[in-house]
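Notes follow the structure.
Numbers restart at 1 for each chain; the letters A, B, ... are given by sequence-line order, proteins then strands.
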Amino acid sequence: MSSPLRVRFAPSPTGYLHIGSARTALFNWLTARHGGGQMLLRIEDTDADRSRPELIDLIFRTLGWLGLDWDGEVVHQSKRADRYRDAVESLLAAGHAYWCECRPDEVKARAQARGGKPGYDGHCRDRELGPGPGRVVRFRTPDEGETVFSDVIRGQVSFPNADLEDFVIVRSNGVPMFHVANAVDDLDMEISHVIRGEDLLPATPKILLLRRALSSESDPLFAHLPLIVNEKRQKLSKRRDDVAVEDYIERGYLPEAMANYLATLGWGPPDGIEIRPMPEIIELFELSDVTKSSAFFDIKKLDAFNGEYIRALPVGEFINRSTHWLFSNPPWPPENFSAGVFEFMAPHVQERVRTLSEVPGYVDFLFLDQPLIDDDSWQKVMEKDRVLAIQVLDVAIEQFESLEPWESKAISLAIIGWADSNGVKRQKAQAPVRVAITGRSVGPPLWESIEVLGRGRTLERLRSAKTRLATT
RNA sequence: GCCCCCAUCGUCCAGUGGCCUAGGACGCCGCCCUUUCAAGGCGGUAACACGGGUUCGAAUCCCGUUGGGGGUGCCA
């Protein structure tokens with residue numbers, strides 16, 4: 001009989017939710033949902049100095065944004081100090097742990113004197129010290145043998161016990177440390193699968209030794225996920241890399257795209273179809289299929305995923321989701337914004353953006369009093385062939401003044417018809433108009449843009465471009 | 001230093017002894033479509049780190065080398 005499937009995600013609230021943590025949460029969640037098990041949440045906040053309680057709620061919200069949910073009450077380690085103290089007492093009583101009065105600098109100095117080998121030398125091991133100010137509790141690690149465990153992803157892993165120093169389990173301020181809290185909680189929460197980042201692999205023998213000393217009959221199954229790395233193949237770090245999931249939300253990534261992309265880091269569906277709905281991923285996901293080697297967090301590929309997800313949205317939904325970027329710090333005077341105009345252009349914009357934060361850049365010319373003229377575009381299109389540019393602008397002005405009906409089809413015919421009958425490439429003919437109207441040489445479809453801009457503003461921009469061309 | 005993990009296209013995944021003259025996706029390049037840019041279509045570029053074994057046969061198994069990474073806290 002195997003124990004019920006129970007996994008947990010155990011973040012430490014020392015910062016925003018990290019991309020790597022999000023992936024760990026996702027894989028835990030996928031394992032639980034795939035196997036009909038439970039996904040628990042635990043906040044590892046034993047270090048009061050580094051923990052920031054105000055971030056806990058943000059972590060919850062970010063997990064929610066990603067579409068991850070959890071079962072049962074959230075466990076906060078900061079509220080379980082008594083439980084850890086009891087566990088430490090029993091460890092002490094059984095001789096698995098002992099009090100130590102060595103100060104960090106003393107430990108370090110002795111290590112140096114020994115000749116480089118870092119770590120604690122067991123100085124207080126057999127001194128039978130009792131509690132006292134400044135004293136810590138250390139765990140007595142075996143001197144011989146090895147600690148072996150099986151990892152769903154890596155197979156059997158073993159660590160020589162002799163390399164394990166007698167590590168601290170209770171700080172001098174009386175607060176228990178990560179290893180004990182972690183071991184005790186996984187035991188109490190009856191976690192069956194410990195799924196976490198590979199950076200915790202070396203901590204596993206310590207936790208296992210602790211569990212066994214706490215008289216647990218069975219070890220959980222471990223699964224150490226490959227690290228997510230940067231372009232230099234180093235573990236994503238808060239300092240040098242863009243790792244806060246919150247930042248990606250602000251940059252306009254869709255949660256579905258982010259979750260889907262994260263799922264492909266260290267795992268791939270058997271049929272090779274990477275972009276697919278989460279229910280399918282849940283069905284296909286298998287923890288034992290997870291890759292062993294680290295994965296580069298490739299923004300370009302994330303962008304591709306995101307672009308696909310954006311295009312797959314119903315237009316109305318695209319409009320809804322764009323709202324935030326349209327209203328917070330838009331490049332135009334807010335009162336100029338017109339929902340109707342945006343809705344008209346939305347399908348064209350949707351097809352072109354890869355992130356929602358790019359949306360304003362595609363419609364800004366519609367809501368700005370004057371288009372922002374891009375120098376390179378002006379040079380390339382207007383200055384390089386002034387004769388043609390002026391000619392096209394004149395034609396456009398003349399045609400547009402009396403064009404009926406004012407709609408994209410007729411507008412396109414006015415310019416294209418002229419180009420075709422005058423031996424001018426359509427591409428060449430539209431360019432000056434585009435720059436005059438939008439300020440750039442690239443952008444959404446021109447004829448539709450002109451239609452929605454309106455005759456008056458269009459003529460105004462054409463004339464002003466002509467003037468600018470004539471006076472420079 | 002010591003311990004541990006890892007090693008297929010630039011990147012992410014396939015591949016679990018013969019189906020591999022190694023497949024898909026992103027990127028990149030080219031062509032088509034086209035009012036620009038996208039999107040879409042078509043095509044292309046590009047990898048089994050190296051050296052030994054084992055085997056009739058190895059990307060796949062074993063050993064070593066090299067390379068990369070993680071850990072080595074009174075952080076988690």
Side-chain angles (χ1 to χ4, degrees), chain A residues 10-14 44-47 49-51 77 100 102-104 107-108 115-119 134-138 151 153-154 157-160 162-165 167-175 177-179 181-182 196-205 224 226-227 229 231-235 261 264-275 289 291-305 307-308 311 348-354 362 377 381 411-412 415-416 419 425-431 433-435 438 440-448:
Chain A
S12 179
T14 52
E44 305 219 324
D45 52 357
T46 60
D47 186 351
D49 294 339
R50 300 210 316 149
S51 289
Q77 291 191 328
C100 166
C102 301
R103 302 235 147 241
V107 173
K108 205 174 171 189
K117 261 197 175 172
R135 291 183 182 175
V136 300
V137 177
R138 287 182 183 274
D151 187 292
I153 298 167
R154 280 149 224 286
V157 183
S158 67
F159 289 81
D163 291 324
L164 262 32
E165 62 171 327
F167 54 95
V168 174
I169 56 176
V170 179
R171 300 175 173 86
S172 57
N173 64 5
V175 180
M177 289 192 67
F178 164 69
H179 301 283
N182 191 274
R196 38 145 61 153
E198 194 196 346
D199 50 342
L200 256 8
L201 196 54
T204 307
H224 286 94
L227 257 23
V229 299
E231 62 289 339
K232 286 156 80 181
R233 303 221 65 90
Q234 294 163 322
K235 179 169 89 160
Y261 175 66
T264 68
L265 256 30
W267 177 81
D271 59 10
I273 299 171
E274 296 181 308
I275 297 185
D289 289 341
T291 312
K292 293 171 173 173
S293 43
S294 51
F296 170 56
F297 186 74
D298 188 354
I299 308 265
K300 283 223 179 119
K301 189 155 179 178
L302 205 212
D303 283 346
F305 272 48
E308 279 222 30
R311 273 175 258 124
H348 304 295
V349 177
Q350 181 177 11
E351 202 173 287
R352 289 166 172 74
V353 296
R354 312 195 103 192
Y362 275 89
S377 298
V381 174
I411 293 167
S412 85
I415 301 299
I416 284 184
K425 282 198 162 181
R426 294 174 170 192
Q427 181 180 336
K428 286 280 181 192
Q430 61 92 36
V433 180
R434 178 181 294 280
V435 173
T438 72
R440 305 187 192 93
S441 56
V442 300
L446 225 207
W447 321 131
E448 284 77 1

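Looking at heavy-atom distances under 4.0 Å, A:Thr291 makes contact with sugar-phosphate atoms alone, never a base. Backbone-only contact: A:Gly266 has heavy atoms under 4.0 Å from sugar-phosphate atoms and none from a base. In this structure, A:Cys102 reaches the bases: a heavy-atom distance under 4.0 Å links it to at least one base atom across the strands shown.
With A:Val433 as reference, A:Leu446 is the one residue of A:Leu446, A:Val381, A:Thr438 to meet the side-chain contact (heavy atoms from CB on, under 4.5 Å) rule.
The separation of B:C48 from B:G30, taken at their C1' atoms, amounts to 28 Å, rounded to a whole angstrom. For the C1' atoms, the distance linking B:A25 with B:U45 amounts to 15 Å, nearest Å. Using C1' as the reference atom, B:U34 and B:U16 are 47 Å apart when rounded to the nearest Å. Separating the C1' atom of B:G64 from that of B:A7 is a span of 15 Å, rounded to the nearest Å. The separation of B:A49 from B:C42, taken at their C1' atoms, amounts to 35 Å, rounded to a whole angstrom. To the nearest whole angstrom, the two P atoms, one in B:A46 and one in B:C9, are 14 Å apart.
For A:Thr14, the side-chain contact (heavy atoms from CB on, under 4.5 Å) partners two or more places apart in sequence, or in a different chain, are A:Ser12, A:Arg50, A:Lys238.
Across all strands shown, B:C42 forms a Watson-Crick or G-U wobble pair with B:G30, both key distances being under 3.5 Å. Using Watson-Crick or G-U wobble geometry with both donor-acceptor distances under 3.5 Å, B:A14 finds no partner in any strand shown.
Between A:Trp267 and A:Ala10, the residue anchored nearer the 5' end of RNA chain B, judged by the nucleotide with its closest heavy atom, is A:Trp267. Where A:Asp45 and A:Phe297 each meet RNA chain B at their nearest nucleotide, the meeting point lying more 5' is that of A:Phe297.
A:Glu198 and A:Arg154 are joined by a salt bridge, as a carboxylate oxygen and a charged side-chain nitrogen come within less than 4.0 angstrom of each other.
Residue A:Ser158 places no side-chain N or O under 4.0 Å from the OP1 or OP2 atom of B:C4. In terms of phosphate contacts, A:Arg171 brings a side-chain nitrogen or oxygen within less than 4.0 Å of OP1 or OP2 of B:A76.
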Response to the item:
Going 5' to 3' through nucleotides 64-73 of chain B and flagging B where a protein heavy-atom sits under 4.0 Å of the base, S where only the sugar-phosphate is that close, and - otherwise, we get -----SSS--

Discussion item. Base contacts versus sugar-phosphate-only contacts with protein, heavy atoms under 4.0 Å: please encode nucleotides 22-35 of chain B as B, S and - from 5' to 3'.
Written reply: --BBSS-------B

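Formation of a donor-acceptor pair under 3.5 Å by the A:Asp151 side chain with backbone atoms of A:His224 is found in this model.
For A:Gly134 against A:Arg103, the heavy-atom pair with the smallest separation is CA-NH2, 3.9 Å. Here the closest non-hydrogen pair linking A:Leu164 and A:Pro205 is CD2-CB, 4.0 Å. Residue A:Trp267 comes nearest to A:Thr291 through the heavy atom pair N-OG1, 4.1 Å, listed as atom of the first residue, atom of the second, then distance. When all heavy atoms of A:Phe159 and A:Leu201 are compared, the pair lying nearest together is CZ-O, 3.7 Å.
One interatomic measurement links the two molecules: CZ of A:Arg311 to P of B:C37, which rounds to 16 Å at whole-angstrom precision. The nearest whole Å value for the distance from the NZ atom in A:Lys425 to the P atom in B:U36 is 10 Å.
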